[in-house]
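This report concerns only the one structure given below.
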4 protein chains.
Amino acid sequence: MVEPTPLRSRRAAPEVRQADILDAALAEFSEHGFEGARMEDVARQARVSKGTVYLYYPTKQALFEALIMRDIAPRVALASVFLKGYDGPLEPALMRIVEMVGAAIASGKLPVYPKLLIAEAQRFPALAAFYRREVVGKMLEGLTTLFDRALARGEISGTTGEMAAHLFIAPILKSVMWQLVFAAAEEVPFAPEPYLKAHVQLFLRGLNHA
Amino acid sequence: MVEPTPLRSRRAAPEVRQADILDAALAEFSEHGFEGARMEDVARQARVSKGTVYLYYPTKQALFEALIMRDIAPRVALASVFLKGYDGPLEPALMRIVEMVGAAIASGKLPVYPKLLIAEAQRFPALAAFYRREVVGKMLEGLTTLFDRALARGEISGTTGEMAAHLFIAPILKSVMWQLVFAAAEEVPFAPEPYLKAHVQLFLRGLNHA
Amino acid sequence: MVEPTPLRSRRAAPEVRQADILDAALAEFSEHGFEGARMEDVARQARVSKGTVYLYYPTKQALFEALIMRDIAPRVALASVFLKGYDGPLEPALMRIVEMVGAAIASGKLPVYPKLLIAEAQRFPALAAFYRREVVGKMLEGLTTLFDRALARGEISGTTGEMAAHLFIAPILKSVMWQLVFAAAEEVPFAPEPYLKAHVQLFLRGLNHA
Amino acid sequence: MVEPTPLRSRRAAPEVRQADILDAALAEFSEHGFEGARMEDVARQARVSKGTVYLYYPTKQALFEALIMRDIAPRVALASVFLKGYDGPLEPALMRIVEMVGAAIASGKLPVYPKLLIAEAQRFPALAAFYRREVVGKMLEGLTTLFDRALARGEISGTTGEMAAHLFIAPILKSVMWQLVFAAAEEVPFAPEPYLKAHVQLFLRGLNHA
DNA sequence: CATGAATGAGGATTCATTCAT
DNA sequence: TATGAATGAATCCTCATTCAT
């Protein structure tokens with residue numbers, strides 16, 4: 001007598017469902033943090049039942065980790081390939097990087113992963129370690145290679161490639177955090193693009209850029 | 001029905017109790033974040049009963065806010081006085097600042113407030129606004145004054161005081177976050193002192209420091 | 001972390017569970033009043049878990065209101081139909097009414113709603129208004145119709161139908177309250193039947209009943 | 001160093017304090033019922049400390065009982081003396097009674113004891129018994145005497161004095177409850193005076209009043 | 001595979017009562 | 001006597017997780 005009215009065609013491919021679930025999880029974790037996110041809301045937003053979420057991800061923590069894994073690996077791979085393959089002059093590369101970050105911030109599609117990681121690192125040391133190794137590590141490696149080559153070419157001088165990499169990313173991190181934390185509280189929003197471009201210029205000058 | 005077993009002499013000065021409670025709250029919020037912290041644990045760590053915590057702070061959120069307020073006001077005042085009163089050469093001032101940050105990181109007594117703020121900003125917009133205005137704003141003001149004077153003296157050039165202030169703090173923020181997020185995950189801990197000193201030197205060179 | 005021990009077969013019809021829960025709520029509210037009733041006890045008595053109660057009734061107040069609604073609507077409808085459809089002589093109708101009340105009191109199955117309403121009216125003005133309108137109002141309407149017809153027939157005289165209705169119910173209310181309040185305190189229980197029958201006779205004589 | 005600023009002269013006579021406390025208790029119990037009333041609010045309203053309340057009344061229940069005792073004894077005594085001493089014609093006496101009740105209702109100073117009793121009788125059987133015996137019992141005794149004398153005089157007939165007493169008070173009880181429960185919910189407030197006067201007339205006619 | 005009703009441990013908050021001062 | 005800070009048992013409600021269907 002009861003006629004179930006599936007909200008979607010009864011069988012979407014499992015990959016599709018998993019993607020929906022992770023999308024929903026991203027939205028919920030972003031908005032409420034790990035503790036604050038409710039599995040029920042994830043399920044509803046993914047248009048599946050609570051049980052289905054548990055079918056693919058046995059715990060809330062597993063869902064969180066899967067989310068991080070999914071979204072980060074391809075981006076890191078892309079960036080890493082770009083950085084390691086690049087052998088041109090430094091300035092355009094750095095400019096391109098900060099332009100991408102600036103555009104991401106401006107578009108409002110800023111990934112909330114850094115914020116989530118900062119907030120939840122203590123709760124999930126394994127996750128922090130993973131992020132440190134696979135994300136931050138890979139990115140720093142790529143940047144270090146970039147700067148090492150520039151040093152070898154004599155394009156810059158006065159530090160090591162690794163140090164340069166660490167120094168270079170600091171204002172990027174600051175811009176991202178600023179946006180994530182203070183966006184709502186700022187009367188006059190702090191524009192990241194001019195800031196990041198000034199950073200590149202000052203940074204290169206500091207490195208005796210030819 | 002109630003059989004009280006005083007955990008300590010019935011009368012410590014209320015200020016002492018409040019301080020104990022806030023200390024305990026700092027520890028618990030730092031370790032578990034806002035959601036994860038349990039009022040019961042705060043009470044236990046402060047060696048008072050749950051009821052006593054509520055005697056002074058009517059809600060968990062009020063406790064959180066009181067904590068932020070207590071620890072931040074005096075530090076900001078101190079730093080602000082120093083920065084606005086200072087009129088000497090730039091380099092020693094910047095070095096002193098990064099040395100203090102480096103020492104704080106090394107001592108393990110790093111304040112967790114930035115991390116807490118980043119994690120909870122969305123939940124407490126008012127708190128984020130307060131922090132933006134009273135802490136970050138005051139510090140940036142002080143630094144802006146510092147750089148403006150150096151610009152006026154011709155000690156540096158090529159940017160504005162405000163931009164310089166924003167650029168200067170980025171690696172400090174990165175160091176602090178790095179420590180708070182990755183400390184446990186690092187095989188070889190990233191030493192902040194050399195990094196911050198290199199930052200100052202590169203930064204000043206970038207500003208055409210005389 | 002959760003180890004469910006189903007207290008009954010996992011699937012009773014939801015209507016059955018809701019009925020069980022409302023039955024349990026009636027018992028608990030009757031015995032302890034609104035504040036005194038514990039959701040846990042309601043759940044235990046309904047042989048479901050606390051969570052299940054909240055599944056159907058999101059708050060204690062919602063449970064209370066649902067309870068009132070469930071039990072009152074059908075009774076009022078029945079009584080109202082009877083009263084409005086009746087067009088015979090007055091005395092047998094009034095006698096039948098007081099006999100039903102007397103039987104309810106004697107059977108111990110006296111509905112506690114009037115008592116609950118009196119106790120909680122201040123806390124739930126909306127509920128009091130509902131009760132006034134849907135229960136008391138409908139009953140008085142029915143009785144008013146009854147007396148108006150008797151007046152029109154010349155069977156009684158000397159007042160209005162509405163006044164007669166209000167006067168007629170007073171001893172019924174008193175009997176019910178008496179039972180609910182003093183039942184346990186009475187050495188010699190006050191028998192409601194003779195009282196209510198005397199009421200009808202005296203009442204009709206007062207109305208110049210032919 | 002701390003200079004206590006007593007809210008009143010340090011030592012008011014204990015009787016005065018007790019009276020203040022009971023006044024406050026009446027207000028709080030009336031508004032919130034037994035469970036809902038908070039000892040702290042009673043203390044604040046009586047302008048004493050919580051400890052002082054407990055000095056005179058060891059528990060909340062004791063306070064509640066003391067309150068009932070204080071306010072009821074004298075009123076009952078007064079009414080009882082009046083009723084037992086009265087030997088005049090019935091109608092003026094009954095009219096005087098209903099006028100007093102009507103005035104009390106109209107003045108808004110309706111005593112909330114009946115409502116409190118109804119709400120809390122189950123929780124405090126001893127209190128219900130006391131009320132039944134000392135208040136209701138004494139009042140009914142007085143009324144019974146009144147009606148018995150009228151019967152003896154042949155002023156009325158057709159029932160017993162006790163039955164008449166019970167029947168007479170029903171509309172009074174109804175009026176009081178009506179006011180306490182429905183006052184806020186009524187668009188057109190039900191006026192008790194005409195109702196009660198109609199009651200007396202109909203009641204006496206029913207008793208074959210000469 | 002998918003569902004969603006059911007579970008119950010957990011945690012924030014309240015408040016009657018105590019007792020050192 | 002009088003105070004009010006301190007206590008902690010009690011209770012409402014939430015939500016991650018389970019499992020019968």
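Just so it is clear: chains get the letters A, B, ... in the order the sequence lines come, proteins before strands, and each one is counted from 1. Just so you know, these numbers use all the heavy atoms, side chains as well, and skip hydrogens, waters and symmetry mates.
Side-chain atoms of C:Val48 and C:Asp20, non-hydrogen and from C-beta on, never get closer than 4.5 Å to each other.
Listed by first then second residue, pairs satisfying salt bridge (charged side-chain N to carboxylate O under 4.0 Å, His left out) with a partner in residues 60-69 of chain B number zero, not counting sequence neighbours.
Remark: A:Arg17 is not in phosphate contact with E:dC1, judged by side-chain N or O atoms under 4.0 Å from OP1 or OP2. For F:dG4, neither phosphate oxygen OP1 nor OP2 lies less than 4.0 angstrom from any side-chain nitrogen or oxygen of D:Arg44. Contact annotation: C:Thr52 side-chain N/O to E:dA6 OP1/OP2 distance is not under 4.0 Å.
Qualifying ring-ring contact (aromatic ring centres under 6.0 Å, His included) partners for D:Tyr57, counting only residues two or more places apart in sequence or in other chains: none. Remark: C:Ala128 pairs with C:Ala121 by the side chain to side chain contact (heavy atoms under 4.5 Å, CB included) rule, at least two apart or across chains. The side chain to side chain donor-acceptor pair (under 3.5 Å) test applied to D:Thr52 returns D:Ser49, not counting sequence neighbours. Residues that satisfy the side chain to side chain donor-acceptor pair (under 3.5 Å) test with B:Lys115, not counting sequence neighbours, are A:Gln122. When the salt bridge (charged side-chain N to carboxylate O under 4.0 Å, His left out) test is applied to A:Glu40, the partners found at least two apart in sequence or on another chain are A:Lys50. Remark: C:Phe64 pairs with C:Phe29, C:Phe34, C:Phe124 by the ring-ring contact (aromatic ring centres under 6.0 Å, His included) rule, at least two apart or across chains. Taking the side chain to side chain donor-acceptor pair (under 3.5 Å) definition, one finds that A:Tyr113 meets it with A:Asp71, sequence neighbours left out. By the ring-ring contact (aromatic ring centres under 6.0 Å, His included) test, A:Tyr131 is found to be paired with no residue, residues two or more places apart in sequence or in another chain being considered.
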Taking only Watson-Crick and G-U wobble pairs with both distances under 3.5 Å, what dot-bracket line describes DNA chain F, where [ ] shows pairs that cross earlier ones and | shows pairs with another strand? .||||||||||||||||||||

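In this structure, D:Arg47 atom CZ and F:dT3 atom C1' are separated by 16 Å, rounded to whole Å.
The heavy-atom pair separating D:Ala24 from D:Val42 by the smallest distance is CB-O, 3.3 Å.
Listed in residue order, the members of residues 53-71 of chain C having a heavy atom less than 4.0 Å from DNA chain E are C:Leu55, C:Tyr56. Of the residues in residues 21-40 of chain D, none has a non-hydrogen atom less than 4.0 angstrom from any atom of DNA chain F.
Nucleotides E:dC1 and F:dT21, compared at atom P, are 22 Å apart to the nearest Å.
A donor and an acceptor atom sit less than 3.5 Å apart, one in the side chain of D:Lys50 and one in the base of E:dT17.
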